[in-house]
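Right, one structure below, let's go through it.
We name chains A, B, ... by the order of the sequence lines, and we start the count at 1 in each one.
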2 protein chains.
Amino acid sequence: MAAHDTPPHAPAMPKRPARALLLEAASRLFYAHGMGATGIDTITAEAGVAKKSLYNNFASKAELVGAYLEARHQEWLGLYRRRVAGARTPYDRVLAVFDAYADHANVAYQHGFRGCGLLNAAAELPAGAPGRVAVRKHKEEVEELLAGHVAELLPGEDERAAGLARHLAFLLEGAMTRAGLEGNDQCLKDGRVIAGRLLAEL
Amino acid sequence: MAAHDTPPHAPAMPKRPARALLLEAASRLFYAHGMGATGIDTITAEAGVAKKSLYNNFASKAELVGAYLEARHQEWLGLYRRRVAGARTPYDRVLAVFDAYADHANVAYQHGFRGCGLLNAAAELPAGAPGRVAVRKHKEEVEELLAGHVAELLPGEDERAAGLARHLAFLLEGAMTRAGLEGNDQCLKDGRVIAGRLLAEL
DNA sequence: GCCCATAGGTAGACTGGTCTAACTACCACC
DNA sequence: GGTGGTAGTTAGACCAGTCTACCTATGGGC
(Lines give C-alpha, C1' and ligand atoms only; values in the text may rest on other atoms or scores of the structure.)
Protein backbone atom coordinates (compact mmCIF):
# COMPACT_ATOMS: atom_id res chain seq x y z
CA MET A 1 0.00 0.00 0.00
CA ALA A 2 2.86 2.48 0.74
CA ALA A 3 0.30 4.70 2.38
CA HIS A 4 2.35 7.03 4.51
CA ASP A 5 3.15 9.69 1.91
CA THR A 6 0.69 12.44 0.91
CA PRO A 7 -2.41 11.56 2.87
CA PRO A 8 -5.24 12.04 0.35
CA HIS A 9 -7.48 14.21 2.46
CA ALA A 10 -5.82 16.84 4.61
CA PRO A 11 -5.44 19.85 2.29
CA ALA A 12 -4.64 22.55 4.86
CA MET A 13 -8.27 23.01 5.97
CA PRO A 14 -9.03 25.95 8.29
CA LYS A 15 -10.06 23.22 10.75
CA ARG A 16 -13.20 24.77 12.21
CA PRO A 17 -14.70 22.92 15.15
CA ALA A 18 -17.03 20.14 14.16
CA ARG A 19 -19.81 21.35 16.43
CA ALA A 20 -20.14 24.66 14.62
CA LEU A 21 -19.96 23.02 11.21
CA LEU A 22 -22.67 20.58 12.21
CA LEU A 23 -24.96 23.24 13.64
CA GLU A 24 -24.62 25.38 10.52
CA ALA A 25 -25.25 22.47 8.18
CA ALA A 26 -28.21 21.28 10.25
CA SER A 27 -29.62 24.81 10.28
CA ARG A 28 -29.53 25.07 6.51
CA LEU A 29 -31.09 21.64 6.01
CA PHE A 30 -33.66 21.85 8.81
CA TYR A 31 -34.87 25.19 7.51
CA ALA A 32 -34.98 24.15 3.86
CA HIS A 33 -36.46 20.65 4.15
CA GLY A 34 -37.75 20.30 7.68
CA MET A 35 -36.31 18.35 10.58
CA GLY A 36 -38.09 15.09 10.05
CA ALA A 37 -37.09 14.98 6.40
CA THR A 38 -33.41 15.64 7.15
CA GLY A 39 -31.40 12.56 8.08
CA ILE A 40 -28.24 12.28 10.11
CA ASP A 41 -26.17 11.21 7.13
CA THR A 42 -27.29 14.22 5.12
CA ILE A 43 -26.24 16.54 7.92
CA THR A 44 -22.80 15.02 8.40
CA ALA A 45 -22.22 14.99 4.64
CA GLU A 46 -23.24 18.67 4.36
CA ALA A 47 -20.98 19.55 7.28
CA GLY A 48 -18.09 17.51 5.88
CA VAL A 49 -17.76 15.74 9.19
CA ALA A 50 -17.84 12.16 10.42
CA LYS A 51 -20.98 10.73 11.93
CA LYS A 52 -19.10 9.99 15.12
CA SER A 53 -18.35 13.69 15.49
CA LEU A 54 -22.04 14.41 15.55
CA TYR A 55 -22.57 12.02 18.42
CA ASN A 56 -19.46 13.35 20.15
CA ASN A 57 -21.00 16.81 20.17
CA PHE A 58 -24.70 16.06 20.51
CA ALA A 59 -26.31 13.27 22.48
CA SER A 60 -28.96 12.70 19.81
CA LYS A 61 -30.67 14.23 16.84
CA ALA A 62 -33.24 15.71 19.22
CA GLU A 63 -30.46 17.60 21.02
CA LEU A 64 -29.24 18.94 17.69
CA VAL A 65 -32.78 20.11 16.97
CA GLY A 66 -32.84 21.88 20.34
CA ALA A 67 -29.54 23.60 19.58
CA TYR A 68 -30.94 24.67 16.20
CA LEU A 69 -33.99 26.28 17.80
CA GLU A 70 -31.87 28.06 20.41
CA ALA A 71 -29.48 29.30 17.71
CA ARG A 72 -32.34 30.76 15.66
CA HIS A 73 -33.66 32.54 18.75
CA GLN A 74 -30.25 33.97 19.61
CA GLU A 75 -29.69 34.98 16.02
CA TRP A 76 -32.93 36.92 15.97
CA LEU A 77 -32.12 38.55 19.31
CA GLY A 78 -28.84 39.77 17.85
CA LEU A 79 -30.55 41.29 14.84
CA TYR A 80 -33.15 42.89 17.08
CA ARG A 81 -30.55 44.43 19.43
CA ARG A 82 -28.69 45.90 16.50
CA ARG A 83 -31.90 47.40 15.08
CA VAL A 84 -33.11 48.72 18.40
CA ALA A 85 -29.73 50.30 19.14
CA GLY A 86 -30.06 52.33 15.95
CA ALA A 87 -33.58 53.55 16.81
CA ARG A 88 -33.97 56.98 18.39
CA THR A 89 -37.66 57.16 19.31
CA PRO A 90 -40.10 54.69 20.89
CA TYR A 91 -41.87 54.71 17.54
CA ASP A 92 -38.70 53.53 15.81
CA ARG A 93 -38.05 50.96 18.50
CA VAL A 94 -41.42 49.33 17.86
CA LEU A 95 -40.68 49.18 14.16
CA ALA A 96 -37.22 47.81 14.94
CA VAL A 97 -38.93 44.56 15.93
CA PHE A 98 -40.50 44.40 12.48
CA ASP A 99 -37.18 45.23 10.88
CA ALA A 100 -35.45 42.49 12.82
CA TYR A 101 -37.88 39.97 11.35
CA ALA A 102 -37.23 41.30 7.89
CA ASP A 103 -33.50 40.99 8.53
CA HIS A 104 -34.08 37.47 9.72
CA ALA A 105 -35.85 36.70 6.47
CA ASN A 106 -33.49 38.49 4.12
CA VAL A 107 -30.06 37.97 5.57
CA ALA A 108 -30.19 34.46 6.91
CA TYR A 109 -32.43 32.75 4.38
CA GLN A 110 -31.94 34.80 1.26
CA HIS A 111 -32.08 31.71 -0.90
CA GLY A 112 -35.36 29.86 -0.60
CA PHE A 113 -37.22 31.89 1.98
CA ARG A 114 -39.81 29.68 3.66
CA GLY A 115 -41.07 31.73 6.60
CA CYS A 116 -40.15 31.73 10.27
CA GLY A 117 -37.89 28.78 10.98
CA LEU A 118 -39.06 28.52 14.56
CA LEU A 119 -42.69 28.45 13.52
CA ASN A 120 -42.07 25.85 10.84
CA ALA A 121 -40.24 23.74 13.38
CA ALA A 122 -43.12 24.04 15.84
CA ALA A 123 -45.53 22.85 13.17
CA GLU A 124 -43.52 19.64 12.89
CA LEU A 125 -43.35 18.99 16.61
CA PRO A 126 -46.04 17.15 18.61
CA ALA A 127 -48.26 19.06 21.01
CA GLY A 128 -46.23 19.00 24.23
CA ALA A 129 -42.72 18.76 22.80
CA PRO A 130 -39.99 20.85 24.47
CA GLY A 131 -39.13 22.44 21.13
CA ARG A 132 -42.68 23.69 20.81
CA VAL A 133 -42.45 25.25 24.25
CA ALA A 134 -39.22 26.98 23.21
CA VAL A 135 -40.91 28.48 20.15
CA ARG A 136 -43.83 29.65 22.24
CA LYS A 137 -41.42 31.34 24.65
CA HIS A 138 -39.69 33.06 21.75
CA LYS A 139 -42.96 34.47 20.45
CA GLU A 140 -43.96 35.60 23.92
CA GLU A 141 -40.59 37.30 24.34
CA VAL A 142 -41.12 39.15 21.06
CA GLU A 143 -44.51 40.35 22.28
CA GLU A 144 -42.93 41.49 25.56
CA LEU A 145 -40.29 43.47 23.72
CA LEU A 146 -43.03 45.10 21.66
CA ALA A 147 -45.00 45.79 24.84
CA GLY A 148 -42.00 47.53 26.41
CA HIS A 149 -41.60 49.90 23.49
CA VAL A 150 -45.33 50.53 23.19
CA ALA A 151 -45.44 51.40 26.90
CA GLU A 152 -43.04 54.24 26.18
CA LEU A 153 -45.49 55.54 23.60
CA LEU A 154 -48.48 55.22 25.91
CA PRO A 155 -47.24 56.04 29.40
CA GLY A 156 -49.80 55.39 32.10
CA GLU A 157 -52.12 53.51 29.76
CA ASP A 158 -51.04 49.99 30.61
CA GLU A 159 -54.08 48.15 29.37
CA ARG A 160 -54.27 49.98 26.07
CA ALA A 161 -50.54 49.45 25.58
CA ALA A 162 -50.82 45.73 26.18
CA GLY A 163 -53.66 45.49 23.68
CA LEU A 164 -51.68 47.39 21.09
CA ALA A 165 -48.61 45.22 21.67
CA ARG A 166 -50.72 42.12 21.12
CA HIS A 167 -52.19 43.70 18.00
CA LEU A 168 -48.72 44.39 16.66
CA ALA A 169 -47.50 40.91 17.61
CA PHE A 170 -50.34 39.26 15.70
CA LEU A 171 -49.80 41.57 12.76
CA LEU A 172 -46.10 40.75 12.65
CA GLU A 173 -46.74 37.05 13.02
CA GLY A 174 -49.31 36.99 10.26
CA ALA A 175 -47.12 39.02 7.93
CA MET A 176 -44.19 36.67 8.52
CA THR A 177 -46.34 33.60 7.93
CA ARG A 178 -47.85 34.93 4.75
CA ALA A 179 -44.44 36.08 3.54
CA GLY A 180 -43.19 32.54 3.98
CA LEU A 181 -46.08 31.18 1.95
CA GLU A 182 -45.54 33.69 -0.83
CA GLY A 183 -41.80 33.09 -0.81
CA ASN A 184 -40.79 36.76 -0.63
CA ASP A 185 -40.76 39.62 1.86
CA GLN A 186 -43.53 41.75 0.35
CA CYS A 187 -45.92 40.84 3.14
CA LEU A 188 -43.33 41.83 5.73
CA LYS A 189 -42.96 45.22 4.07
CA ASP A 190 -46.73 45.66 4.02
CA GLY A 191 -46.90 44.63 7.65
CA ARG A 192 -44.36 47.27 8.60
CA VAL A 193 -46.29 49.97 6.75
CA ILE A 194 -49.53 48.92 8.45
CA ALA A 195 -47.82 48.95 11.85
CA GLY A 196 -46.42 52.41 11.12
CA ARG A 197 -49.89 53.75 10.30
CA LEU A 198 -51.27 52.21 13.46
CA LEU A 199 -48.65 53.97 15.55
CA ALA A 200 -49.08 57.25 13.66
CA GLU A 201 -52.74 57.33 14.70
CA LEU A 202 -51.82 57.50 18.38
CA MET B 1 -65.84 -26.52 7.12
CA ALA B 2 -69.50 -25.74 7.96
CA ALA B 3 -68.63 -22.17 7.26
CA HIS B 4 -71.98 -20.62 6.42
CA ASP B 5 -73.04 -19.80 10.00
CA THR B 6 -71.79 -16.69 11.81
CA PRO B 7 -68.83 -15.55 9.75
CA PRO B 8 -66.26 -14.35 12.29
CA HIS B 9 -65.86 -10.82 11.05
CA ALA B 10 -69.02 -9.23 9.71
CA PRO B 11 -70.83 -7.97 12.85
CA ALA B 12 -73.48 -5.90 11.08
CA MET B 13 -71.13 -3.00 10.31
CA PRO B 14 -72.65 0.15 8.80
CA LYS B 15 -70.17 -0.47 5.97
CA ARG B 16 -69.07 3.07 5.26
CA PRO B 17 -67.00 3.52 2.11
CA ALA B 18 -63.30 2.97 2.63
CA ARG B 19 -62.38 6.28 1.00
CA ALA B 20 -64.24 8.32 3.59
CA LEU B 21 -62.87 6.26 6.46
CA LEU B 22 -59.34 6.73 5.14
CA LEU B 23 -59.69 10.47 4.65
CA GLU B 24 -61.07 10.93 8.16
CA ALA B 25 -58.37 8.80 9.76
CA ALA B 26 -55.66 10.54 7.76
CA SER B 27 -57.07 13.94 8.72
CA ARG B 28 -56.93 13.14 12.41
CA LEU B 29 -53.40 11.74 12.21
CA PHE B 30 -51.98 14.34 9.81
CA TYR B 31 -53.26 17.15 12.00
CA ALA B 32 -52.12 15.63 15.28
CA HIS B 33 -48.68 14.30 14.32
CA GLY B 34 -47.87 15.79 10.94
CA MET B 35 -47.83 14.17 7.53
CA GLY B 36 -44.25 13.04 7.46
CA ALA B 37 -44.55 11.38 10.85
CA THR B 38 -47.71 9.50 9.90
CA GLY B 39 -47.11 6.24 8.06
CA ILE B 40 -49.37 4.37 5.69
CA ASP B 41 -49.80 1.48 8.09
CA THR B 42 -50.88 3.80 10.89
CA ILE B 43 -53.52 5.37 8.66
CA THR B 44 -54.99 2.07 7.48
CA ALA B 45 -55.00 0.73 11.05
CA GLU B 46 -56.78 3.87 12.33
CA ALA B 47 -59.31 3.64 9.51
CA GLY B 48 -59.82 -0.09 10.06
CA VAL B 49 -59.18 -0.70 6.39
CA ALA B 50 -56.80 -2.81 4.32
CA LYS B 51 -53.75 -1.24 2.75
CA LYS B 52 -54.98 -2.32 -0.64
CA SER B 53 -58.09 -0.21 -0.15
CA LEU B 54 -55.91 2.85 0.34
CA TYR B 55 -54.20 2.28 -2.99
CA ASN B 56 -57.55 1.46 -4.62
CA ASN B 57 -58.81 4.90 -3.63
CA PHE B 58 -55.65 7.02 -3.78
CA ALA B 59 -52.78 6.71 -6.22
CA SER B 60 -50.20 7.54 -3.55
CA LYS B 61 -49.72 9.02 -0.12
CA ALA B 62 -49.16 12.38 -1.80
CA GLU B 63 -52.63 12.19 -3.33
CA LEU B 64 -54.07 11.44 0.10
CA VAL B 65 -52.27 14.51 1.41
CA GLY B 66 -53.78 16.55 -1.40
CA ALA B 67 -57.26 15.28 -0.55
CA TYR B 68 -56.65 16.17 3.10
CA LEU B 69 -55.71 19.75 2.24
CA GLU B 70 -58.72 20.16 -0.05
CA ALA B 71 -61.03 18.73 2.63
CA ARG B 72 -59.76 21.21 5.22
CA HIS B 73 -60.30 24.07 2.79
CA GLN B 74 -63.86 22.95 1.99
CA GLU B 75 -64.60 22.41 5.66
CA TRP B 76 -63.54 25.95 6.47
CA LEU B 77 -65.57 27.33 3.54
CA GLY B 78 -68.66 25.60 4.95
CA LEU B 79 -68.14 27.12 8.38
CA TYR B 80 -67.56 30.53 6.84
CA ARG B 81 -70.73 30.37 4.71
CA ARG B 82 -72.79 29.46 7.72
CA ARG B 83 -71.34 32.35 9.73
CA VAL B 84 -71.68 34.90 6.95
CA ALA B 85 -75.28 33.86 6.32
CA GLY B 86 -76.09 34.76 9.92
CA ALA B 87 -74.44 38.18 9.70
CA ARG B 88 -76.64 41.23 9.04
CA THR B 89 -74.16 44.07 8.52
CA PRO B 90 -70.87 44.37 6.63
CA TYR B 91 -69.25 44.79 10.04
CA ASP B 92 -70.60 41.42 11.13
CA ARG B 93 -69.60 39.83 7.85
CA VAL B 94 -65.99 40.82 8.37
CA LEU B 95 -66.05 39.35 11.85
CA ALA B 96 -67.71 36.23 10.45
CA VAL B 97 -64.37 35.36 8.88
CA PHE B 98 -62.78 35.51 12.31
CA ASP B 99 -65.61 33.45 13.77
CA ALA B 100 -65.20 30.82 11.07
CA TYR B 101 -61.58 30.38 12.10
CA ALA B 102 -62.62 30.05 15.72
CA ASP B 103 -65.18 27.43 14.69
CA HIS B 104 -62.47 25.65 12.75
CA ALA B 105 -60.34 25.57 15.86
CA ASN B 106 -63.03 24.66 18.36
CA VAL B 107 -65.33 22.30 16.53
CA ALA B 108 -62.99 20.25 14.41
CA TYR B 109 -59.94 20.02 16.62
CA GLN B 110 -61.36 20.37 20.08
CA HIS B 111 -58.95 17.80 21.47
CA GLY B 112 -55.35 18.78 21.00
CA PHE B 113 -55.62 22.07 19.15
CA ARG B 114 -52.42 22.68 17.25
CA GLY B 115 -53.19 25.68 15.03
CA CYS B 116 -54.22 25.92 11.40
CA GLY B 117 -53.90 22.50 9.79
CA LEU B 118 -53.24 23.99 6.38
CA LEU B 119 -50.45 26.18 7.70
CA ASN B 120 -48.85 23.33 9.61
CA ALA B 121 -49.01 21.22 6.48
CA ALA B 122 -47.36 23.97 4.44
CA ALA B 123 -44.55 24.18 6.96
CA GLU B 124 -43.77 20.53 6.29
CA LEU B 125 -43.82 20.82 2.51
CA PRO B 126 -40.82 21.83 0.38
CA ALA B 127 -40.73 25.24 -1.27
CA GLY B 128 -42.49 24.58 -4.58
CA ALA B 129 -44.73 21.69 -3.59
CA PRO B 130 -48.30 21.68 -4.95
CA GLY B 131 -49.68 21.39 -1.42
CA ARG B 132 -47.92 24.61 -0.49
CA VAL B 133 -49.49 26.34 -3.45
CA ALA B 134 -52.91 25.09 -2.34
CA VAL B 135 -52.41 26.54 1.13
CA ARG B 136 -51.29 29.85 -0.33
CA LYS B 137 -54.42 29.94 -2.48
CA HIS B 138 -56.58 29.26 0.56
CA LYS B 139 -55.05 32.16 2.47
CA GLU B 140 -55.41 34.45 -0.54
CA GLU B 141 -59.06 33.44 -0.84
CA VAL B 142 -59.60 34.31 2.83
CA GLU B 143 -58.08 37.73 2.25
CA GLU B 144 -60.31 38.23 -0.79
CA LEU B 145 -63.41 37.39 1.22
CA LEU B 146 -62.30 39.89 3.84
CA ALA B 147 -61.65 42.46 1.12
CA GLY B 148 -65.17 42.01 -0.25
CA HIS B 149 -66.77 42.68 3.11
CA VAL B 150 -64.46 45.60 3.89
CA ALA B 151 -65.32 47.14 0.52
CA GLU B 152 -68.93 47.33 1.67
CA LEU B 153 -67.80 49.29 4.71
CA LEU B 154 -65.61 51.65 2.70
CA PRO B 155 -67.40 52.21 -0.62
CA GLY B 156 -65.35 54.14 -3.13
CA GLU B 157 -62.17 53.84 -1.09
CA ASP B 158 -60.64 50.87 -2.87
CA GLU B 159 -57.06 51.35 -1.82
CA ARG B 160 -57.84 51.96 1.81
CA ALA B 161 -60.16 48.95 1.80
CA ALA B 162 -57.49 46.69 0.37
CA GLY B 163 -55.02 47.85 2.99
CA LEU B 164 -57.50 47.22 5.76
CA ALA B 165 -58.31 43.77 4.38
CA ARG B 166 -54.62 42.93 4.38
CA HIS B 167 -54.30 44.28 7.91
CA LEU B 168 -57.18 42.06 9.05
CA ALA B 169 -55.80 39.05 7.17
CA PHE B 170 -52.42 39.38 8.90
CA LEU B 171 -54.11 39.90 12.24
CA LEU B 172 -56.23 36.80 11.80
CA GLU B 173 -53.29 34.77 10.61
CA GLY B 174 -51.12 35.79 13.51
CA ALA B 175 -53.88 35.17 16.05
CA MET B 176 -54.47 31.69 14.64
CA THR B 177 -50.76 30.88 14.66
CA ARG B 178 -50.25 32.08 18.22
CA ALA B 179 -53.40 30.26 19.33
CA GLY B 180 -51.95 27.06 17.93
CA LEU B 181 -48.72 27.59 19.85
CA GLU B 182 -50.56 28.29 23.08
CA GLY B 183 -52.89 25.34 22.54
CA ASN B 184 -56.12 27.25 23.16
CA ASP B 185 -58.32 29.82 21.45
CA GLN B 186 -57.60 32.83 23.68
CA CYS B 187 -55.51 34.48 20.99
CA LEU B 188 -58.32 34.02 18.49
CA LYS B 189 -60.73 35.73 20.87
CA ASP B 190 -58.26 38.58 21.38
CA GLY B 191 -57.81 38.86 17.64
CA ARG B 192 -61.55 39.18 17.11
CA VAL B 193 -61.78 41.95 19.72
CA ILE B 194 -58.88 43.82 18.14
CA ALA B 195 -60.48 43.48 14.71
CA GLY B 196 -63.77 44.77 16.11
CA ARG B 197 -62.07 47.85 17.55
CA LEU B 198 -60.31 48.46 14.26
CA LEU B 199 -63.63 48.42 12.41
CA ALA B 200 -65.35 50.54 15.04
CA GLU B 201 -62.82 53.32 14.41
CA LEU B 202 -63.97 53.71 10.82
C1' DG C 1 -86.51 -16.97 -7.59
C1' DC C 2 -81.95 -18.48 -8.59
C1' DC C 3 -77.02 -18.17 -10.25
C1' DC C 4 -73.01 -16.33 -10.92
C1' DA C 5 -69.90 -12.59 -12.58
C1' DT C 6 -67.83 -8.80 -10.82
C1' DA C 7 -66.48 -4.98 -8.06
C1' DG C 8 -64.59 -3.92 -4.00
C1' DG C 9 -63.40 -5.40 0.36
C1' DT C 10 -59.72 -7.98 3.94
C1' DA C 11 -55.23 -9.87 5.65
C1' DG C 12 -50.73 -9.94 5.36
C1' DA C 13 -46.17 -11.11 3.19
C1' DC C 14 -42.69 -8.93 0.72
C1' DT C 15 -39.30 -5.53 -1.75
C1' DG C 16 -36.06 -2.08 -1.70
C1' DG C 17 -34.91 1.67 0.59
C1' DT C 18 -33.90 5.06 4.57
C1' DC C 19 -33.71 6.10 9.18
C1' DT C 20 -31.21 6.55 14.03
C1' DA C 21 -27.85 4.91 16.74
C1' DA C 22 -24.03 2.42 17.97
C1' DC C 23 -19.82 0.16 16.95
C1' DT C 24 -14.63 -0.67 15.35
C1' DA C 25 -10.32 0.75 13.67
C1' DC C 26 -7.16 4.01 11.96
C1' DC C 27 -4.78 8.54 11.82
C1' DA C 28 -2.84 13.37 12.86
C1' DC C 29 -1.42 16.58 15.78
C1' DC C 30 -0.48 18.75 20.09
C1' DG D 1 0.51 9.06 24.22
C1' DG D 2 -3.93 10.79 24.39
C1' DT D 3 -7.51 13.53 22.32
C1' DG D 4 -10.48 14.19 18.72
C1' DG D 5 -10.94 13.67 14.29
C1' DT D 6 -11.65 10.16 10.09
C1' DA D 7 -14.12 6.14 7.39
C1' DG D 8 -16.96 2.52 7.31
C1' DT D 9 -20.07 -1.22 9.21
C1' DT D 10 -23.84 -3.08 11.69
C1' DA D 11 -28.35 -3.62 13.97
C1' DG D 12 -33.04 -2.89 14.18
C1' DA D 13 -36.91 -0.21 13.11
C1' DC D 14 -39.82 1.85 9.89
C1' DC D 15 -41.09 3.61 5.38
C1' DA D 16 -44.06 3.51 0.70
C1' DG D 17 -45.78 0.66 -2.31
C1' DT D 18 -46.83 -4.07 -4.68
C1' DC D 19 -48.84 -8.34 -4.78
C1' DT D 20 -51.24 -12.75 -3.78
C1' DA D 21 -55.08 -14.97 -1.98
C1' DC D 22 -59.34 -15.01 -0.07
C1' DC D 23 -63.97 -13.13 1.06
C1' DT D 24 -68.66 -10.86 0.36
C1' DA D 25 -72.36 -8.11 -1.36
C1' DT D 26 -74.89 -6.63 -5.31
C1' DG D 27 -77.41 -6.88 -9.33
C1' DG D 28 -78.55 -8.49 -14.12
C1' DG D 29 -79.82 -12.33 -17.05
C1' DC D 30 -82.37 -16.10 -17.11
Side-chain angles (χ1 to χ4, degrees), chain A residues 1-26 29-30 32-68 124-126 129 131, chain B residues 1-26 29-30 33-68 124-126 129-131:
Chain A
M1 279 257 192
H4 68 285
D5 54 342
T6 60
H9 38 63
M13 285 266 234
K15 198 66 183 298
R16 302 194 44 220
R19 188 185 167 90
L21 290 170
L22 281 162
L23 192 48
E24 284 165 23
L29 294 166
F30 284 167
H33 309 116
M35 302 168 319
T38 302
I40 289 290
D41 291 332
T42 314
I43 297 170
T44 53
E46 169 93 0
V49 141
K51 209 185 292 193
K52 184 71 191 301
S53 298
L54 192 156
Y55 288 100
N56 281 345
N57 286 282
F58 302 93
S60 65
K61 189 190 180 184
E63 199 174 294
L64 182 55
V65 166
Y68 163 62
E124 261 190 272
L125 293 165
Chain B
M1 276 241 198
H4 67 286
D5 54 342
T6 61
H9 38 63
M13 285 266 233
K15 198 69 183 298
R16 304 196 39 223
R19 188 185 167 90
L21 291 170
L22 281 162
L23 193 48
E24 285 166 22
L29 294 166
F30 284 166
H33 309 115
M35 302 169 318
T38 303
I40 289 290
D41 292 331
T42 312
I43 297 170
T44 53
E46 169 93 1
V49 141
K51 207 189 285 196
K52 186 75 191 299
S53 297
L54 193 156
Y55 286 98
N56 281 344
N57 286 281
F58 302 93
S60 65
K61 189 190 181 185
E63 199 175 292
L64 181 56
V65 166
Y68 162 62
E124 263 190 271
L125 293 165

Original post:
Looking at the side chain of A:Asn56, which of C:dT20, D:dA16, D:dG5 is the nearest nucleotide?
Top reply: D:dG5

Subject >> Residue-phosphate contact under 4.0 Å: B:Ser60 side-chain N/O, D:dA16 OP1/OP2 >> reply: no

Original post:
A:Ser53 side chain N/O closer than 4.0 Å to the phosphate oxygens (OP1, OP2) of D:dT6?
Top reply: yes

Rounded distance in Å - [atom1] ([X]) to [atom2] ([N]):
{"X": "A:Leu64", "N": "C:dA21", "atom1": "CG", "atom2": "P", "value": "10 Å"}
{"X": "B:Leu54", "N": "C:dG12", "atom1": "CG", "atom2": "P", "value": "17 Å"}
{"X": "B:Leu29", "N": "D:dA16", "atom1": "CG", "atom2": "P", "value": "12 Å"}
{"X": "A:Asn57", "N": "C:dA22", "atom1": "CG", "atom2": "P", "value": "15 Å"}
{"X": "B:Leu21", "N": "C:dT10", "atom1": "CG", "atom2": "C1'", "value": "13 Å"}
{"X": "A:Leu22", "N": "D:dG5", "atom1": "CG", "atom2": "C1'", "value": "12 Å"}
{"X": "A:Met35", "N": "C:dT20", "atom1": "CE", "atom2": "C1'", "value": "15 Å"}

Original post:
Please, which pairs that meet salt bridge (Lys or Arg N to Asp or Glu O under 4.0 Å) have at least one residue in residues 39-57 of chain A, sequence neighbours excluded?
Top reply: A:Arg28-A:Glu46, A:Asp41-A:Lys51

Original post:
Got a sec, which residues hit side chain to side chain contact (heavy atoms under 4.5 Å, CB included) with B:Ala47, two or more places apart in sequence or on another chain?
Top reply: B:Leu21, B:Leu22, B:Ala25, B:Val49

Original post:
side chain to side chain contact (heavy atoms under 4.5 Å, CB included) with A:Ala20: which residues, sequence neighbours excluded?
Top reply: A:Arg16, A:Pro17, A:Glu24

Original post:
Which residue, A:Ala59 or A:Ala37, contacts DNA chain C at a nucleotide closer to its 5' end, judged by nearest heavy atom?
Top reply: A:Ala37

Original post:
Between residues 38-51 of chain B and DNA chain D, which residues have a heavy-atom gap below 4.0 Å?
Top reply: B:Thr38, B:Gly39, B:Ile40, B:Lys51

**OP:** Would you indicate whether the side-chain heavy atoms of B:Leu23 and B:Asn57 approach each other to under 4.5 Å?
**Re:** no

Subject >> Test salt bridge (charged side-chain N to carboxylate O under 4.0 Å, His left out) applied to A:Glu63 - qualifying residues, sequence neighbours left out >> reply: none

Subject >> B:Gly34 backbone acceptor or donor facing B:Glu124 side chain under 3.5 Å >> reply: no

Original post:
Does any N or O in the side chain of B:Lys61 come within less than 3.5 Å of the main-chain N or O of B:Gly39, such that one atom is a donor and the other an acceptor?
Top reply: no

Original post:
Toward the 5' end of DNA chain D, which comes first, B:Lys61 or B:Lys52, by nearest nucleotide?
Top reply: B:Lys61

